[in-house]
**Student:** 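Can you keep this structure in mind? I'll have questions shortly.
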2 protein chains.
Amino acid sequence: MQKSKQPIKVDKKTSARGRGRPRAFDREAALARATQLFWSKGYEATSIADLTEAMGIGPPSLYAAFGSKDALYAEALHHYRKHYEALVWDKFFAADTAREAVRSLLMDSAAALTGCLGDMPLGCMVTLSSVGSEGHSELGEQVRSARAATLDHLEIRLRQAMTNGEIPTSVDIHALARFVQTVQNGMSILARDGADRAELEDVARVAMLGWDARTDPAADA
Amino acid sequence: MQKSKQPIKVDKKTSARGRGRPRAFDREAALARATQLFWSKGYEATSIADLTEAMGIGPPSLYAAFGSKDALYAEALHHYRKHYEALVWDKFFAADTAREAVRSLLMDSAAALTGCLGDMPLGCMVTLSSVGSEGHSELGEQVRSARAATLDHLEIRLRQAMTNGEIPTSVDIHALARFVQTVQNGMSILARDGADRAELEDVARVAMLGWDARTDPAADA
DNA sequence: TAATTTTTGTAGCGAACGATGCAGAAATCA
DNA sequence: TGATTTCTGCATCGTTCGCTACAAAAATTA
(Lines give C-alpha, C1' and ligand atoms only; values in the text may rest on other atoms or scores of the structure.)
Protein backbone atom coordinates (compact mmCIF):
# COMPACT_ATOMS: atom_id res chain seq x y z
CA MET A 1 0.00 0.00 0.00
CA GLN A 2 2.11 2.84 -1.19
CA LYS A 3 0.86 6.23 -0.29
CA SER A 4 1.65 8.55 -3.13
CA LYS A 5 0.97 11.50 -0.96
CA GLN A 6 3.82 13.54 -2.33
CA PRO A 7 2.35 16.70 -3.72
CA ILE A 8 2.97 16.33 -7.46
CA LYS A 9 4.29 19.80 -8.11
CA VAL A 10 1.97 22.33 -9.55
CA ASP A 11 2.82 23.86 -12.87
CA LYS A 12 2.96 27.56 -12.24
CA LYS A 13 3.01 28.31 -15.93
CA THR A 14 -0.44 27.00 -16.57
CA SER A 15 -1.84 28.05 -13.23
CA ALA A 16 -4.10 30.95 -13.95
CA ARG A 17 -3.24 34.15 -12.21
CA GLY A 18 -6.35 33.75 -10.13
CA ARG A 19 -6.61 34.81 -6.58
CA GLY A 20 -6.75 32.25 -3.88
CA ARG A 21 -5.02 28.96 -3.52
CA PRO A 22 -3.93 27.38 -6.75
CA ARG A 23 -4.42 23.70 -7.42
CA ALA A 24 -1.86 21.72 -5.49
CA PHE A 25 -1.63 18.75 -7.84
CA ASP A 26 -0.68 18.33 -11.45
CA ARG A 27 -3.89 17.74 -13.33
CA GLU A 28 -2.19 16.06 -16.26
CA ALA A 29 -0.24 13.68 -14.05
CA ALA A 30 -3.39 12.79 -12.14
CA LEU A 31 -5.23 12.20 -15.41
CA ALA A 32 -2.39 9.99 -16.61
CA ARG A 33 -2.69 7.83 -13.52
CA ALA A 34 -6.45 7.61 -13.85
CA THR A 35 -6.01 6.61 -17.48
CA GLN A 36 -3.72 3.74 -16.62
CA LEU A 37 -6.15 2.58 -13.96
CA PHE A 38 -9.17 2.64 -16.27
CA TRP A 39 -7.03 1.04 -18.94
CA SER A 40 -5.97 -1.91 -16.85
CA LYS A 41 -9.13 -2.48 -14.80
CA GLY A 42 -11.96 -1.18 -16.95
CA TYR A 43 -14.58 1.39 -16.12
CA GLU A 44 -16.88 -0.50 -13.79
CA ALA A 45 -14.14 -2.26 -11.86
CA THR A 46 -12.36 1.01 -11.11
CA SER A 47 -13.80 2.72 -8.05
CA ILE A 48 -13.46 6.31 -6.97
CA ALA A 49 -11.42 5.08 -4.03
CA ASP A 50 -9.01 3.36 -6.42
CA LEU A 51 -8.72 6.55 -8.43
CA THR A 52 -8.18 8.93 -5.53
CA GLU A 53 -5.51 6.66 -4.09
CA ALA A 54 -3.67 6.37 -7.39
CA MET A 55 -3.97 10.08 -8.08
CA GLY A 56 -2.91 11.05 -4.58
CA ILE A 57 -5.87 13.34 -4.02
CA GLY A 58 -9.16 13.27 -2.16
CA PRO A 59 -12.58 12.77 -3.68
CA PRO A 60 -13.53 16.48 -3.49
CA SER A 61 -10.46 17.42 -5.49
CA LEU A 62 -11.28 14.78 -8.06
CA TYR A 63 -14.81 16.03 -8.49
CA ALA A 64 -13.71 19.66 -8.54
CA ALA A 65 -11.20 18.93 -11.27
CA PHE A 66 -13.11 16.43 -13.40
CA GLY A 67 -16.79 16.64 -12.51
CA SER A 68 -17.78 13.02 -12.29
CA LYS A 69 -16.54 9.50 -12.83
CA ASP A 70 -18.05 9.49 -16.30
CA ALA A 71 -16.40 12.77 -17.23
CA LEU A 72 -13.09 11.56 -15.85
CA TYR A 73 -13.33 8.43 -17.95
CA ALA A 74 -14.10 10.52 -21.01
CA GLU A 75 -11.02 12.63 -20.34
CA ALA A 76 -8.95 9.52 -19.70
CA LEU A 77 -10.06 8.15 -23.04
CA HIS A 78 -9.03 11.38 -24.69
CA HIS A 79 -5.71 11.27 -22.87
CA TYR A 80 -5.16 7.71 -24.04
CA ARG A 81 -5.89 8.48 -27.65
CA LYS A 82 -3.68 11.55 -27.56
CA HIS A 83 -0.67 9.92 -25.92
CA TYR A 84 -0.75 6.25 -26.90
CA GLU A 85 -2.45 5.86 -30.26
CA ALA A 86 0.50 7.53 -31.94
CA LEU A 87 2.62 4.52 -31.00
CA VAL A 88 0.76 2.40 -33.52
CA TRP A 89 -0.42 5.01 -36.04
CA ASP A 90 2.67 7.16 -36.61
CA LYS A 91 4.35 4.78 -39.02
CA PHE A 92 0.98 4.01 -40.57
CA PHE A 93 0.51 7.61 -41.62
CA ALA A 94 4.14 8.03 -42.64
CA ALA A 95 4.37 4.92 -44.80
CA ASP A 96 4.79 5.25 -48.53
CA THR A 97 2.55 2.34 -49.40
CA ALA A 98 -0.69 1.05 -47.94
CA ARG A 99 0.91 -2.34 -47.45
CA GLU A 100 3.74 -0.90 -45.41
CA ALA A 101 1.22 1.23 -43.52
CA VAL A 102 -0.85 -1.78 -42.51
CA ARG A 103 2.23 -3.86 -41.76
CA SER A 104 3.56 -1.13 -39.50
CA LEU A 105 0.21 -0.80 -37.80
CA LEU A 106 0.04 -4.48 -36.97
CA MET A 107 3.70 -4.86 -36.02
CA ASP A 108 3.68 -1.76 -33.85
CA SER A 109 0.43 -2.95 -32.30
CA ALA A 110 2.14 -6.23 -31.42
CA ALA A 111 4.79 -4.28 -29.56
CA ALA A 112 2.51 -1.72 -27.94
CA LEU A 113 -0.22 -4.13 -26.85
CA THR A 114 2.27 -6.33 -25.03
CA GLY A 115 3.69 -3.40 -23.10
CA CYS A 116 7.01 -3.43 -24.90
CA LEU A 117 6.94 0.28 -25.71
CA GLY A 118 6.95 1.60 -22.20
CA ASP A 119 5.22 1.11 -18.90
CA MET A 120 1.65 0.54 -19.95
CA PRO A 121 -1.14 -1.97 -19.33
CA LEU A 122 -1.63 -4.85 -21.74
CA GLY A 123 -4.04 -4.54 -24.65
CA CYS A 124 -5.79 -1.54 -26.12
CA MET A 125 -7.91 0.58 -23.81
CA VAL A 126 -10.37 1.36 -26.58
CA THR A 127 -10.70 -2.19 -27.80
CA LEU A 128 -11.05 -3.84 -24.42
CA SER A 129 -13.35 -1.28 -22.86
CA SER A 130 -16.61 -3.11 -22.82
CA VAL A 131 -18.41 -0.28 -21.14
CA GLY A 132 -21.81 -1.59 -20.27
CA SER A 133 -24.60 -0.35 -22.44
CA GLU A 134 -26.68 0.21 -19.35
CA GLY A 135 -26.71 3.67 -17.87
CA HIS A 136 -23.50 4.74 -19.56
CA SER A 137 -24.77 5.03 -23.09
CA GLU A 138 -22.82 8.17 -23.85
CA LEU A 139 -19.55 6.61 -22.77
CA GLY A 140 -20.31 3.51 -24.79
CA GLU A 141 -20.98 5.67 -27.82
CA GLN A 142 -17.72 7.51 -27.30
CA VAL A 143 -15.74 4.29 -27.13
CA ARG A 144 -17.55 2.90 -30.14
CA SER A 145 -16.75 5.98 -32.18
CA ALA A 146 -13.12 5.63 -31.14
CA ARG A 147 -13.16 2.13 -32.55
CA ALA A 148 -14.83 3.39 -35.70
CA ALA A 149 -11.94 5.83 -36.20
CA THR A 150 -9.64 2.88 -36.77
CA LEU A 151 -11.83 1.63 -39.58
CA ASP A 152 -11.98 5.12 -41.08
CA HIS A 153 -8.22 5.50 -41.11
CA LEU A 154 -7.83 2.12 -42.77
CA GLU A 155 -10.48 2.69 -45.42
CA ILE A 156 -9.17 6.13 -46.31
CA ARG A 157 -5.63 4.83 -46.71
CA LEU A 158 -6.76 1.82 -48.71
CA ARG A 159 -8.92 3.91 -51.00
CA GLN A 160 -5.97 6.18 -51.59
CA ALA A 161 -3.86 3.15 -52.45
CA MET A 162 -6.49 2.04 -54.91
CA THR A 163 -6.41 5.45 -56.56
CA ASN A 164 -2.65 5.25 -56.74
CA GLY A 165 -2.83 1.87 -58.38
CA GLU A 166 -1.19 0.01 -55.51
CA ILE A 167 -4.34 -2.01 -54.97
CA PRO A 168 -6.43 -3.43 -57.83
CA THR A 169 -9.82 -1.83 -58.21
CA SER A 170 -11.40 -5.24 -57.83
CA VAL A 171 -10.50 -5.39 -54.14
CA ASP A 172 -13.23 -4.86 -51.59
CA ILE A 173 -11.74 -2.03 -49.57
CA HIS A 174 -14.27 -2.31 -46.77
CA ALA A 175 -13.70 -6.03 -46.30
CA LEU A 176 -9.95 -5.63 -46.24
CA ALA A 177 -10.13 -2.79 -43.74
CA ARG A 178 -12.47 -4.83 -41.59
CA PHE A 179 -10.00 -7.69 -41.70
CA VAL A 180 -7.13 -5.54 -40.50
CA GLN A 181 -9.34 -4.10 -37.79
CA THR A 182 -10.33 -7.61 -36.75
CA VAL A 183 -6.72 -8.74 -36.44
CA GLN A 184 -5.78 -5.70 -34.39
CA ASN A 185 -8.77 -6.15 -32.11
CA GLY A 186 -8.03 -9.83 -31.64
CA MET A 187 -4.45 -9.10 -30.76
CA SER A 188 -5.60 -7.01 -27.80
CA ILE A 189 -7.39 -9.99 -26.31
CA LEU A 190 -4.42 -12.26 -26.88
CA ALA A 191 -2.18 -9.70 -25.24
CA ARG A 192 -4.46 -9.59 -22.22
CA ASP A 193 -4.25 -13.36 -21.99
CA GLY A 194 -0.49 -13.23 -21.87
CA ALA A 195 0.62 -13.65 -25.47
CA ASP A 196 4.02 -12.02 -25.91
CA ARG A 197 5.31 -9.66 -28.53
CA ALA A 198 6.87 -12.36 -30.71
CA GLU A 199 3.62 -14.29 -30.89
CA LEU A 200 1.65 -11.23 -31.92
CA GLU A 201 4.27 -10.35 -34.49
CA ASP A 202 3.90 -13.83 -35.92
CA VAL A 203 0.16 -13.24 -36.09
CA ALA A 204 0.76 -9.94 -37.86
CA ARG A 205 3.01 -11.67 -40.40
CA VAL A 206 0.40 -14.31 -41.17
CA ALA A 207 -2.19 -11.58 -41.52
CA MET A 208 0.03 -9.80 -44.02
CA LEU A 209 0.07 -12.95 -46.11
CA GLY A 210 -3.70 -12.58 -46.28
CA TRP A 211 -3.18 -9.01 -47.38
CA ASP A 212 -0.77 -10.04 -50.11
CA ALA A 213 -3.13 -12.71 -51.40
CA ARG A 214 -6.03 -10.31 -51.34
CA THR A 215 -4.27 -7.47 -53.09
CA ASP A 216 -2.53 -9.64 -55.66
CA PRO A 217 -3.87 -8.65 -59.10
CA ALA A 218 -3.21 -12.18 -60.33
CA ALA A 219 -5.63 -13.55 -57.77
CA ASP A 220 -8.68 -11.88 -59.25
CA ALA A 221 -11.42 -14.25 -60.13
CA MET B 1 -16.62 -17.22 2.07
CA GLN B 2 -18.54 -19.95 0.40
CA LYS B 3 -19.76 -22.43 2.94
CA SER B 4 -20.73 -25.72 1.45
CA LYS B 5 -24.26 -25.92 2.58
CA GLN B 6 -26.40 -28.96 2.27
CA PRO B 7 -25.94 -30.25 -1.25
CA ILE B 8 -29.50 -29.58 -2.38
CA LYS B 9 -30.18 -32.42 -4.74
CA VAL B 10 -31.26 -30.33 -7.62
CA ASP B 11 -31.75 -32.85 -10.37
CA LYS B 12 -35.42 -32.94 -9.77
CA LYS B 13 -36.19 -35.52 -12.39
CA THR B 14 -33.89 -38.13 -10.94
CA SER B 15 -33.97 -37.13 -7.30
CA ALA B 16 -35.93 -39.35 -5.00
CA ARG B 17 -39.49 -38.24 -4.44
CA GLY B 18 -38.64 -35.56 -1.96
CA ARG B 19 -41.12 -34.58 0.63
CA GLY B 20 -42.19 -31.02 0.83
CA ARG B 21 -42.65 -28.42 -1.79
CA PRO B 22 -40.79 -29.00 -5.01
CA ARG B 23 -39.02 -26.22 -6.81
CA ALA B 24 -41.53 -24.03 -8.59
CA PHE B 25 -39.22 -22.85 -11.37
CA ASP B 26 -37.30 -24.57 -14.10
CA ARG B 27 -33.66 -24.48 -13.10
CA GLU B 28 -32.37 -24.94 -16.63
CA ALA B 29 -34.60 -22.18 -18.00
CA ALA B 30 -33.50 -19.86 -15.22
CA LEU B 31 -29.87 -20.68 -15.92
CA ALA B 32 -30.42 -20.01 -19.60
CA ARG B 33 -31.78 -16.54 -18.82
CA ALA B 34 -28.93 -15.80 -16.48
CA THR B 35 -26.50 -16.89 -19.16
CA GLN B 36 -27.97 -14.52 -21.71
CA LEU B 37 -27.84 -11.70 -19.19
CA PHE B 38 -24.19 -12.30 -18.27
CA TRP B 39 -23.46 -12.76 -21.94
CA SER B 40 -24.91 -9.45 -23.01
CA LYS B 41 -24.00 -7.28 -20.03
CA GLY B 42 -20.90 -8.86 -18.56
CA TYR B 43 -20.27 -10.05 -15.03
CA GLU B 44 -19.83 -6.82 -13.13
CA ALA B 45 -22.61 -4.93 -14.87
CA THR B 46 -25.13 -7.67 -14.12
CA SER B 47 -26.62 -7.28 -10.64
CA ILE B 48 -28.47 -9.82 -8.58
CA ALA B 49 -31.58 -7.69 -9.02
CA ASP B 50 -31.19 -7.93 -12.80
CA LEU B 51 -30.81 -11.68 -12.54
CA THR B 52 -33.72 -12.32 -10.23
CA GLU B 53 -35.98 -10.21 -12.39
CA ALA B 54 -34.95 -11.99 -15.58
CA MET B 55 -35.19 -15.39 -13.95
CA GLY B 56 -38.54 -14.61 -12.36
CA ILE B 57 -37.47 -15.65 -8.89
CA GLY B 58 -36.41 -14.01 -5.66
CA PRO B 59 -32.89 -13.73 -4.31
CA PRO B 60 -33.30 -16.57 -1.78
CA SER B 61 -34.32 -18.96 -4.54
CA LEU B 62 -31.34 -17.90 -6.60
CA TYR B 63 -28.92 -18.49 -3.76
CA ALA B 64 -30.56 -21.77 -2.79
CA ALA B 65 -30.23 -23.02 -6.34
CA PHE B 66 -26.85 -21.64 -7.36
CA GLY B 67 -24.98 -20.64 -4.22
CA SER B 68 -23.54 -17.28 -5.17
CA LYS B 69 -23.15 -14.85 -8.01
CA ASP B 70 -19.73 -16.27 -8.78
CA ALA B 71 -21.04 -19.83 -8.82
CA LEU B 72 -23.97 -18.79 -10.99
CA TYR B 73 -21.61 -17.17 -13.45
CA ALA B 74 -19.50 -20.30 -13.51
CA GLU B 75 -22.59 -22.36 -14.27
CA ALA B 76 -23.68 -19.87 -16.89
CA LEU B 77 -20.29 -20.16 -18.53
CA HIS B 78 -20.64 -23.92 -18.53
CA HIS B 79 -24.15 -23.60 -19.94
CA TYR B 80 -22.85 -21.33 -22.66
CA ARG B 81 -20.05 -23.64 -23.67
CA LYS B 82 -22.37 -26.62 -23.65
CA HIS B 83 -25.16 -25.06 -25.70
CA TYR B 84 -23.50 -22.50 -27.95
CA GLU B 85 -19.93 -23.51 -28.68
CA ALA B 86 -21.19 -26.41 -30.76
CA LEU B 87 -22.56 -23.88 -33.24
CA VAL B 88 -19.05 -22.99 -34.29
CA TRP B 89 -17.11 -26.16 -33.48
CA ASP B 90 -19.31 -28.94 -34.86
CA LYS B 91 -18.23 -28.55 -38.46
CA PHE B 92 -14.68 -27.91 -37.30
CA PHE B 93 -14.46 -31.34 -35.73
CA ALA B 94 -16.32 -33.02 -38.58
CA ALA B 95 -14.27 -31.54 -41.40
CA ASP B 96 -12.03 -33.79 -43.45
CA THR B 97 -9.24 -31.26 -43.82
CA ALA B 98 -7.75 -28.74 -41.44
CA ARG B 99 -8.40 -26.01 -43.97
CA GLU B 100 -12.07 -26.83 -44.17
CA ALA B 101 -12.16 -27.12 -40.38
CA VAL B 102 -10.75 -23.63 -39.92
CA ARG B 103 -12.89 -22.20 -42.69
CA SER B 104 -16.00 -23.65 -41.09
CA LEU B 105 -14.97 -22.32 -37.71
CA LEU B 106 -14.59 -18.79 -38.99
CA MET B 107 -17.66 -18.81 -41.22
CA ASP B 108 -19.86 -20.32 -38.54
CA SER B 109 -18.44 -17.82 -36.07
CA ALA B 110 -19.46 -15.02 -38.42
CA ALA B 111 -23.01 -16.31 -38.33
CA ALA B 112 -23.17 -17.13 -34.64
CA LEU B 113 -21.51 -13.96 -33.37
CA THR B 114 -23.96 -11.76 -35.24
CA GLY B 115 -26.94 -13.56 -33.76
CA CYS B 116 -27.96 -15.17 -37.03
CA LEU B 117 -28.23 -18.65 -35.56
CA GLY B 118 -30.96 -17.98 -33.07
CA ASP B 119 -31.93 -15.52 -30.40
CA MET B 120 -28.63 -14.78 -28.75
CA PRO B 121 -26.56 -11.76 -27.72
CA LEU B 122 -23.89 -10.46 -30.07
CA GLY B 123 -20.33 -11.63 -29.77
CA CYS B 124 -18.79 -14.50 -27.84
CA MET B 125 -19.43 -14.67 -24.11
CA VAL B 126 -16.01 -16.16 -23.47
CA THR B 127 -14.12 -13.71 -25.62
CA LEU B 128 -15.84 -10.58 -24.41
CA SER B 129 -15.94 -11.45 -20.74
CA SER B 130 -13.30 -9.16 -19.36
CA VAL B 131 -13.83 -10.34 -15.84
CA GLY B 132 -11.76 -8.06 -13.69
CA SER B 133 -8.64 -9.58 -12.30
CA GLU B 134 -9.47 -7.99 -8.98
CA GLY B 135 -11.25 -10.14 -6.48
CA HIS B 136 -12.58 -12.60 -9.03
CA SER B 137 -9.35 -14.37 -9.85
CA GLU B 138 -10.92 -17.78 -10.04
CA LEU B 139 -13.54 -16.67 -12.52
CA GLY B 140 -10.91 -14.91 -14.56
CA GLU B 141 -8.88 -18.07 -14.63
CA GLN B 142 -11.90 -20.08 -15.71
CA VAL B 143 -12.62 -17.72 -18.58
CA ARG B 144 -8.99 -17.66 -19.59
CA SER B 145 -8.83 -21.43 -19.67
CA ALA B 146 -11.96 -21.42 -21.83
CA ARG B 147 -10.14 -19.17 -24.26
CA ALA B 148 -7.10 -21.43 -24.12
CA ALA B 149 -9.29 -24.36 -25.17
CA THR B 150 -9.79 -22.69 -28.53
CA LEU B 151 -6.07 -22.55 -29.08
CA ASP B 152 -5.71 -26.17 -28.02
CA HIS B 153 -8.34 -27.36 -30.47
CA LEU B 154 -6.69 -25.45 -33.26
CA GLU B 155 -3.18 -26.63 -32.53
CA ILE B 156 -4.24 -30.26 -32.20
CA ARG B 157 -6.08 -30.17 -35.50
CA LEU B 158 -3.23 -28.39 -37.24
CA ARG B 159 -0.66 -30.78 -35.91
CA GLN B 160 -2.77 -33.65 -37.13
CA ALA B 161 -2.92 -32.02 -40.54
CA MET B 162 0.82 -31.72 -40.55
CA THR B 163 1.15 -35.42 -39.77
CA ASN B 164 -1.25 -36.19 -42.59
CA GLY B 165 0.77 -34.14 -44.99
CA GLU B 166 -1.92 -31.53 -45.55
CA ILE B 167 0.32 -28.85 -44.09
CA PRO B 168 4.05 -28.60 -44.82
CA THR B 169 6.28 -29.38 -41.88
CA SER B 170 7.86 -25.97 -42.28
CA VAL B 171 4.73 -24.21 -41.05
CA ASP B 172 4.71 -22.76 -37.55
CA ILE B 173 1.63 -24.46 -36.13
CA HIS B 174 1.51 -22.26 -33.07
CA ALA B 175 1.64 -19.04 -35.05
CA LEU B 176 -1.06 -20.19 -37.44
CA ALA B 177 -3.32 -21.28 -34.59
CA ARG B 178 -2.75 -17.96 -32.86
CA PHE B 179 -3.70 -16.20 -36.06
CA VAL B 180 -7.00 -18.04 -36.36
CA GLN B 181 -7.69 -17.38 -32.69
CA THR B 182 -6.94 -13.72 -33.21
CA VAL B 183 -9.36 -13.43 -36.11
CA GLN B 184 -12.12 -15.16 -34.20
CA ASN B 185 -11.55 -12.97 -31.15
CA GLY B 186 -11.54 -9.83 -33.24
CA MET B 187 -14.77 -10.81 -34.92
CA SER B 188 -16.51 -10.81 -31.54
CA ILE B 189 -15.64 -7.18 -30.99
CA LEU B 190 -16.75 -6.22 -34.48
CA ALA B 191 -20.01 -8.05 -33.93
CA ARG B 192 -20.56 -6.11 -30.70
CA ASP B 193 -20.02 -2.90 -32.61
CA GLY B 194 -22.70 -3.80 -35.10
CA ALA B 195 -20.87 -5.51 -37.95
CA ASP B 196 -23.26 -7.86 -39.73
CA ARG B 197 -22.86 -11.44 -40.82
CA ALA B 198 -21.80 -10.62 -44.38
CA GLU B 199 -19.02 -8.35 -43.16
CA LEU B 200 -17.65 -10.98 -40.81
CA GLU B 201 -17.86 -13.60 -43.53
CA ASP B 202 -15.82 -11.33 -45.75
CA VAL B 203 -13.28 -11.06 -42.96
CA ALA B 204 -13.22 -14.83 -42.66
CA ARG B 205 -12.60 -15.17 -46.38
CA VAL B 206 -9.68 -12.74 -46.30
CA ALA B 207 -8.29 -14.61 -43.31
CA MET B 208 -8.46 -17.85 -45.29
CA LEU B 209 -6.33 -16.26 -47.96
CA GLY B 210 -3.73 -15.82 -45.27
CA TRP B 211 -4.13 -19.48 -44.41
CA ASP B 212 -3.64 -20.49 -48.03
CA ALA B 213 -0.54 -18.37 -48.38
CA ARG B 214 0.86 -19.70 -45.15
CA THR B 215 0.21 -23.36 -45.87
CA ASP B 216 1.28 -23.23 -49.50
CA PRO B 217 4.33 -25.49 -49.89
CA ALA B 218 5.54 -23.30 -52.74
CA ALA B 219 5.75 -20.35 -50.40
CA ASP B 220 8.48 -21.81 -48.23
CA ALA B 221 11.52 -19.66 -48.00
C1' DT C 1 -57.58 -33.92 7.09
C1' DA C 2 -53.01 -32.79 9.82
C1' DA C 3 -48.08 -33.02 9.84
C1' DT C 4 -43.90 -32.39 7.49
C1' DT C 5 -40.74 -30.42 4.42
C1' DT C 6 -39.05 -27.06 1.38
C1' DT C 7 -39.57 -22.82 -1.30
C1' DT C 8 -40.73 -18.17 -1.83
C1' DG C 9 -41.61 -13.09 -0.87
C1' DT C 10 -40.51 -9.45 2.15
C1' DA C 11 -37.51 -6.95 4.37
C1' DG C 12 -33.22 -5.78 5.59
C1' DC C 13 -28.14 -6.75 6.83
C1' DG C 14 -23.13 -4.75 6.46
C1' DA C 15 -20.18 -3.09 3.04
C1' DA C 16 -18.94 -0.47 -0.82
C1' DC C 17 -20.48 2.49 -4.29
C1' DG C 18 -20.48 7.48 -6.41
C1' DA C 19 -20.69 11.89 -4.83
C1' DT C 20 -20.69 16.13 -1.13
C1' DG C 21 -20.87 19.48 3.10
C1' DC C 22 -18.12 21.50 5.90
C1' DA C 23 -14.48 23.84 8.06
C1' DG C 24 -9.67 24.51 8.24
C1' DA C 25 -5.40 25.11 5.55
C1' DA C 26 -2.87 27.45 2.15
C1' DA C 27 -1.66 30.74 -1.30
C1' DT C 28 -2.45 35.29 -3.58
C1' DC C 29 -3.57 40.23 -3.43
C1' DA C 30 -3.90 44.59 -1.10
C1' DT D 1 0.36 42.03 7.75
C1' DG D 2 -4.81 41.03 6.96
C1' DA D 3 -8.40 39.92 3.72
C1' DT D 4 -9.87 37.11 0.28
C1' DT D 5 -10.27 33.20 -2.37
C1' DT D 6 -9.76 28.48 -3.35
C1' DC D 7 -8.42 23.95 -2.37
C1' DT D 8 -8.02 19.93 0.66
C1' DG D 9 -8.96 16.22 4.39
C1' DC D 10 -12.42 14.28 7.11
C1' DA D 11 -16.59 12.61 7.60
C1' DT D 12 -20.62 11.35 5.65
C1' DC D 13 -24.58 11.52 2.50
C1' DG D 14 -28.18 8.39 0.06
C1' DT D 15 -28.07 4.50 -2.91
C1' DT D 16 -27.04 0.07 -4.46
C1' DC D 17 -24.30 -3.89 -4.03
C1' DG D 18 -24.20 -9.14 -2.84
C1' DC D 19 -26.37 -11.75 0.32
C1' DT D 20 -29.48 -13.72 4.06
C1' DA D 21 -32.91 -14.17 8.25
C1' DC D 22 -37.54 -14.86 8.83
C1' DA D 23 -42.06 -16.53 8.48
C1' DA D 24 -45.93 -17.31 5.46
C1' DA D 25 -47.13 -20.32 1.57
C1' DA D 26 -47.39 -24.50 -0.98
C1' DA D 27 -46.94 -29.31 -2.05
C1' DT D 28 -46.18 -34.09 -0.49
C1' DT D 29 -46.94 -37.85 2.94
C1' DA D 30 -49.65 -40.09 6.23
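Scope of the values below: all heavy atoms of this structure, side chains included, with no hydrogens, waters or symmetry mates.
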**Student:** Compute whether any side-chain donor of one residue and acceptor of the other, for B:Thr150 and B:Gln181, lie under 3.5 angstrom apart.
**Tutor:**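 No, no side-chain donor-acceptor pair sits under 3.5 Å.
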**Student:** Consider only side-chain N and O atoms of B:Asn185 and B:Thr182, and report whether a donor and an acceptor are under 3.5 Å apart.
**Tutor:**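 On atom types as modelled, these side chains do not qualify, holding no pair under 3.5 Å.
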**Student:** Quick one: do the A:Glu100 and A:Ser104 side chains pair a donor with an acceptor below 3.5 Å?
**Tutor:** yes
**Student:** Is the distance from OP1 or OP2 of D:dC7 to the nearest side-chain N or O of A:Ser61 less than 4.0 Å?
**Tutor:**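 It does not, given that no N or O in the side chain of A:Ser61 lies less than 4.0 Å from OP1 or OP2 of D:dC7.
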**Student:** Rounded to whole angstroms, how far apart are CG on B:Leu62 and P on D:dC17?
**Tutor:** 14 Å
**Student:** Can you measure B:Leu139 atom CG to D:dG18 atom P for me and round it to whole angstrom units?
**Tutor:**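 Taking CG of B:Leu139 and P of D:dG18, I get 13 Å after rounding.
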**Student:** Can you check each nucleotide of nucleotides 15-25 of chain C against protein heavy atoms at under 4.0 Å and return B for base, S for sugar-phosphate only, - for none, in 5' to 3' order?
**Tutor:** --SSBBB---B
**Student:** Decide whether a cation-pi geometry holds between B:Arg23 and B:Phe25; the criteria are a distance under 6.0 Å from NZ or CZ to the six-membered ring centre and an angle within 45° of the ring axis.
**Tutor:**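 Yes.
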**Student:** Write down the distance between CE (B:Met55) and P (C:dG9), rounded to a whole number of angstrom.
**Tutor:** 13 Å
**Student:** Looking at B:Arg178 and A:Asp202, is there a salt bridge between them, counting it only when a charged N and a carboxylate O are closer than 4.0 Å?
**Tutor:**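 Between B:Arg178 and A:Asp202 there is no salt bridge, as every charged N stays at least 4.0 Å from the carboxylate O atoms.
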**Student:** To the nearest angstrom, how far is B:Leu51 atom CG from D:dT16 atom P?
**Tutor:**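 Going from B:Leu51 (CG) to D:dT16 (P), I get 17 Å.
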**Student:** Roughly how many Å is it from CZ in B:Phe25 to P in D:dA26, rounded to a whole number?
**Tutor:**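 Spelled out: CZ on B:Phe25 to P on D:dA26 is 17 Å.
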**Student:** Could you tell me whether A:Arg27 and A:Glu75 have a side-chain N and a carboxylate O separated by less than 4.0 Å?
**Tutor:**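 Answer for the salt bridge query: yes.
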